[in-house]
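Order of appearance sets the numbers: ligands from 1, and atoms from 1 within every ligand.
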Amino acid sequence: MTKQYLSRTLLGIGWILSGSAYAESSESIITETHRFTEVRNEIYLVQTTAPVFNSNSLVIVNDNDVVLVDSHVTPAKARDLIKAIKAITPKPVTALINSHHHWDHAHGNQEFRDIPIIGHEFTYMKLATAPLDEPTYTDGLKGNAATLARVQERIAAATDPEEKKELETYLELFSEHVKDFDEIVPLPPTITFSERMTLYRGGREIQIIFLGRAHTGGDVVVYFPQDKVVFTGDMAFSGPSYLGDGYVDEWPDTLENLKTLDFDIFVPGHGSPVTDLSRIGLVQEFYRDLWAKAAVMHADGVDAMTAAETIDLTNHTEIPIRNVGTSPVTIKRIYHRLENPD
Ligand SMILES: [Zn+2]
């Protein structure tokens, strides 16, 4: 399957897949399944090369060991990751950190049952309490089914034999990915904390910090003070994140706390590293405005579906919004927060 064709296909399939479209840089090491891009000083952004699904992991190669952040979307993807790490270093993985509880970052955890898994106590609570019944997970499964149906439709409609063959190859890959979900047995962290903890590994200091509620109730960032790098998971992208479990009212303050750390590059949970730190301020403004506008609609008794269709955020010209409106999941979550402040 050609790269251009794949990226066109992926663009049609959904934003979350865009994470796998990260451009190769000269510093990248490519294994059979993964691309390792050195961010700085043996801190690697690690992404799957298969055009199926990607959530970022961070592989930190220390003097004597390896620390990993986020375990990928399925046990199968985690096993690929373990194999890929072995291909770049003989040092053992001695700890896994969960940036948050979402399925696409934490459902490879079971492959790390022999080492400490570190996460916020909220992440523990979520992964220990019926995570497979969470709407964000069940919506993910619906998304998988929708993708399969869409690709099948495209195959049926394809007239060019080459295009058809490429789509069929993609369908096979994606079907395999969907089957991999069947073996998920969620595993919560084995070491939790509420504010912060620090790992000292050889000459490296790794700070794991809860900066406040944001994308979930338990996002942590992994901060490397010596290297001025921070891994933010899904709580900071160059644009808005998924808001379905978010605390949009508190998120701008949490991002303000992030800005107090001394760093000049951040690695998000999907997509490429970000060096234009002014993006954080733009996203803060976006969340503040979204919250305020949704609150007005809520106070006026506008139902969530109508609010989602009519809310106008097109004034945020630096944020990629094509039309008026936002996702019903976002507005429902904001309404829920307004009705259940805690
Ligand atoms: Zn997430």
Checklist outcome for this item: When rounded to the nearest 0.5 Å, the distance separating CG of D249 from CZ of R288 is 12.0 Å
Next on the checklist: If you consider just the N/O/S atoms, which atom of H102 is the closest one to the Zn ion (ligand 1)?
Outcome noted: ND1
Item to check | Lys NZ or Arg CZ of R333 over Y247 ring: under 6.0 Å, within 45° | outcome: yes
Checklist entry - What N, O or S atom of H215 is found closest to the Zn ion (ligand 1)? => result NE2
Checklist entry - How about H215 and H105: are their ring centres within less than 6.0 Å of each other? => result no
Checklist entry - Can you say whether the rings of H177 and F181 are parallel (under 30°), tilted (30 to 60°) or perpendicular (over 60°)? => result perpendicular
Checklist entry - Given atoms NE2 of H100 and OD2 of D234, what angle do they subtend at the Zn ion (ligand 1), to the nearest 10 degrees? => result 90°
